[in-house]
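See structure below.
What you see below is based on every heavy atom in this structure, not just the backbone, and it leaves out hydrogens, waters and symmetry mates.
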Amino acid sequence: MGGEDLVELKFRLADGTDIGPSKYSPDTTVASLKEKILALWPKDKENHPKTIQDVKLINAGKILENNRTLAESRLPVGELPGGVITMHAVLRLPLSDKNNEKQQDDSPKKSSCSCTIL
């Protein structure tokens, strides 16, 4: 495969720092991109993903699916000669126990209203 077939990507984190750029084949799956992000995630960050399920990749406003390739995700392969495509890597962290307790405390207040249909 020639070098011109590769797609150059970088991943922007929520605080504005970047991972990459690196070149990938259009046949690369989104899941393998997420694995690369996990390996390269800055260790000094307060929050970091533990699995690929903790990361959402967003390109052009669309969340990319793990089982799809870059080509299937409709990236502009070959449309940006020499350009780098920036994707946003967003953490999807599970709710902490403190948040779950707060939601349980709030639920009786929310259900205190009752409606009657006559």
Show your working on side chain to side chain contact (heavy atoms under 4.5 Å, CB included) between L70 and Y24 and close with a plain yes or no. CA-CA 9 Å; L70 292 176; Y24 301 93; 3.9 Å; yes
Taking C-beta and beyond as the side chain, do L33 and T28 meet within less than 4.5 Å on heavy atoms?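 In short, these two side chains touch, coming nearer than 4.5 Å.
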Could you check whether any side-chain heavy atom of L9 comes within less than 4.5 Å of a side-chain heavy atom of K23, counting everything from C-beta outward?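 Not in contact.
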For I85 and K10: C-alpha separation, side-chain torsions, deciding distance, then whether side chain to side chain contact (heavy atoms under 4.5 Å, CB included) applies. CA-CA 6 Å; I85 298 171; K10 68 179 175 181; over 6 Å; no
Only one of I58, T17, D18 clears side-chain contact (heavy atoms from CB on, under 4.5 Å) with R12; which?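 Only match with R12 under side-chain contact (heavy atoms from CB on, under 4.5 Å): D18.
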For [X], enumerate each residue passing the side-chain contact (heavy atoms from CB on, under 4.5 Å) test, keeping only those at least two apart in sequence or located in another chain.
X	result
K56	I63, V90, R92
T29	A31, S32, T69
K50	H48, D54

For D44, give me all partners under salt bridge (Lys or Arg N to Asp or Glu O under 4.0 Å), at least two apart in sequence or on another chain.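 Here no residue qualifies.
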State, to 0.1 Å, how close R68 and S73 come at their nearest heavy-atom pair, and which atoms those are.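 Scanning both residues completely, I find the closest heavy atoms to be CB-OG, 3.9 Å.
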Side-chain donor-acceptor pairs of residues 34-42 under 3.5 Å, sequence neighbours excluded:
unit_1: K34; atom_1: NZ; unit_2: V55; atom_2: O; d: 2.8
unit_1: K34; atom_1: NZ; unit_2: N66; atom_2: OD1; d: 2.6
unit_1: W41; atom_1: NE1; unit_2: N47; atom_2: O; d: 3.3

To the nearest 0.5 Å, what is the distance between CG on N67 and CD on E72?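 Rounded to the nearest 0.5 Å, the CG-CD separation comes out at 7.5 Å.
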Do L91 and I52 belong together in a cluster built from hydrophobic side chains that touch within less than 4.5 Å?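 No, separate clusters.
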